[in-house]
Amino acid sequence: FICNSVLSFRNITALAPMVRVGTLPMRLLALDYGADVVYCEELIDIKMAQCHRVVNDVLETVDFVAPDDRVMFRTCEREKDRVIFQMGGMGAALLSDPDKIEAVSASARRCASVEETVSLVRRIEKTGVTAVAVHGRLKEERPRHPVHCDYIQAVAQAVSIPVIANGGSLDLVKTNADIEEFRKATGASSVMLARAAMWNASVFSNQGPLPVERVMEEYLKYAIQYDNNAFNTKYCLCQMLRDKVESPLGKQLQAAQTSAEICKAYGMQELFQQTQERLQARRDTLQSSTEPDRPVVDGDVTTMAVKFERREYPPRVTPKMFLLEWSRKEKLEQPLYETVQRSQDRAFQSIVTVAQKRYRSSLWEKSKKFAEQAAAVVCLRVLGVPEGRIGEEDSGLVCKRKREGKMNGTTEEEGNIKRHIAAIQQETDKSEAAAVVSGDHHRPDTPPEQP
Ligand SMILES: Cc1cc2nc3c(=O)[nH]c(=O)nc-3n(C[C@H](O)[C@H](O)[C@H](O)COP(=O)(O)O)c2cc1C
């Protein structure tokens, strides 16, 4: 590994690059336990070039998002000046073409002989790189083969830039104290660990090692906090379980398909739920502070920043019902709802078409039902039609009729209204049931799983 950076690589310990393992939760955990520098998983240069950079105010991260909306790289303030981005696509290929090794970070394996290795690293040093990490195995050797400390030592003696020893996880480094032993055995400046850290990141801690159960819990906390991909979280936890992967916990973990299910396996569902609510609240606050609450015409859609708050309406009364009733009264076609779901947070947004005009809330909702209600509210507000909200001034048919009923003291009138609402409700339920059959239905009280 050739490092070009303002970081110091003398006398440090580093988390090595690991595909699928080196995502944000693992990097933060390694830093917490005492790693000085953390590598991200190897990312393919061409794929990264297609990503766009997104400042994620909800998670307080910076994301590099692929055209298919997958987050390829997520980073945060905590690892600033500590994270090293490992670019793939060149990697070991550079070994046979050292001329290309300039101003980049790449990975390299030890060559066939000590002389060849030393000669290569000398050439690399001349390009002006800051440090070089040497994985003490031959290109064709597997990770289970013993590491060659003598090769790393020969390199360390031959160059003046810091050498970072790598490859010691299997046979040499089991505890924090072993890190120093490995460094001494190779004469290197620093040490970089992959598997030992993947199995138990507390190997970086001079207070450690901690039981892996505790480490998994700490890992999971970061995975929840930073909305880590559930399958990535599961993969990393399975690596930590190692031979316990067939234990009852391991089986539960393997069966889990969502972050919620993973957390349940670890008895951490409450923390998961709380975190989801906190993130949702932040999302709502950010949305409402940035969006205007007056109508804005966006193409052929009239939009407003409206959030549907269930508690603002009486039980069994919804804006959708009011819009449906109003459309009937006006002899218009039934309102038509079209809903989309975005992949980064699985949030929903609906457009309602009424009298050939389209209305949408610019805010995203946690369920399809809520998104439709928000669209209905936008339409009703733009049209100046009551929406059924509690305390709505001189509003809705229901409230108005109720008032009339009270004034006349007739309970019959109230009965009529109730029947009327029930009929509309039935209608609404029917269309929602159809949505369930078509498989795009989400209950409003169960926030969807985060990607
Ligand atoms: C799961 C896993 C993924 C790895 N992914 C990468 C990678 O993306 N890029 C890379 O250069 N090396 C990768 N490696 C190699 C390690 O960075 C390291 O060089 C190797 O495992 C030897 O170090 P160790 O003995 O501490 O495990 C990976 C290793 C493992 C175990």
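Computed from a predicted model, the values in this text were never measured in an experiment. Numbers here are sequence positions counted from 1. Counting convention: from 1, in listed order, for ligands and their atoms alike.
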Checklist line | Exceeds 12 heavy-atom contacts within 6.0 angstrom, atom CD1 of Ile46 | finding: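 Count not over threshold, so no.
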Would you mind listing which atoms of ligand 1 come within a distance below 4.0 Å of any non-hydrogen atom of [X]?
X	value
Ala16	17 (O)
Gln86	7 (C), 8 (O), 9 (N), 10 (C), 11 (O)
Leu193	26 (O)

Margin query: According to side-chain hydrogen bond (donor to acceptor under 3.5 Å, both in side chains), who are the partners of Ser202, at least two apart in sequence or on a separate chain?
Written below: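 Checked Ser202 against side-chain hydrogen bond (donor to acceptor under 3.5 Å, both in side chains); matches are Asn200.
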Margin query: Tell me if a side-chain donor or acceptor on Gln373 pairs with a main-chain N or O of Thr318 at a distance below 3.5 Å.
Written below: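 Not confirmed, Gln373 side chain does not pair with Thr318 backbone.
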Next item on the list: Tell me, please: is Pro143 in heavy-atom contact with ligand 1, that is, under 4.0 Å?
Entry: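 Outside the 4.0 Å threshold, so no.
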Notebook entry, point to check: Is there a heavy atom of Gly167 sitting under 4.0 angstrom from any atom of ligand 1?
Noted result: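 It does; at least one heavy atom falls under 4.0 Å.
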Notebook entry, point to check: Checking side chain to side chain contact (heavy atoms under 4.5 Å, CB included) for the pair Leu220/Met268: CA distance, chi angles, key distance, verdict?
Noted result: CA-CA 9 Å; Leu220 199 42; Met268 289 168 67; 3.8 Å; yes
Check: Would you say ligand 1 has an N or O under 3.5 Å from any N or O of Ala196?
Finding: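 It does not: no N or O of Ala196 is found under 3.5 Å from an N or O of ligand 1.
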Checklist line | Polar proximity ligand 1 side, Met192 side, N/O cut 3.5 Å exclusive | finding: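 No.
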Check: Is the Lys NZ or Arg CZ of Arg283 less than 6.0 Å from the centre of Trp364's six-membered ring, within 45° of the axis?
Finding: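 Pair Arg283/Trp364 does not count as cation-pi.
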Next item on the list: Kindly assign one of parallel, tilted or perpendicular to the pair Phe73 and Phe85, based on the angle between their ring planes and the thresholds 30° and 60°.
Entry: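 Taking Phe85 first and then Phe73, their aromatic rings stand perpendicular (interplane angle over 60°).
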Location of contacts on [X] toward ligand 1, heavy atoms closer than 4.0 Å:
X	value
Glu42	both
Gln239	neither
Val19	both

Check: Which is closest to atom 14 (N) of ligand 1 by heavy-atom distance: Ala133, Pro17, Ala14?
Finding: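 Checking each option, the heavy atom nearest atom 14 (N) of ligand 1 is found in Pro17.
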Item checked: Best match, Asp171, Asn166, Val191: closest heavy atom to atom 18 (C) of ligand 1 ->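 Of the listed residues, Asn166 has the closest heavy atom.
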Checklist line | Sequence-distant partners of Glu270, side chain to side chain contact (heavy atoms under 4.5 Å, CB included), two or more places apart | finding: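 Checked Glu270 against side chain to side chain contact (heavy atoms under 4.5 Å, CB included); matches are Gln274.
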Next item on the list: Answer with yes or no whether the side chains of Thr23 and Asn232 bring together a donor and an acceptor at under 3.5 Å.
Entry: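 Result is yes, a qualifying pair exists.
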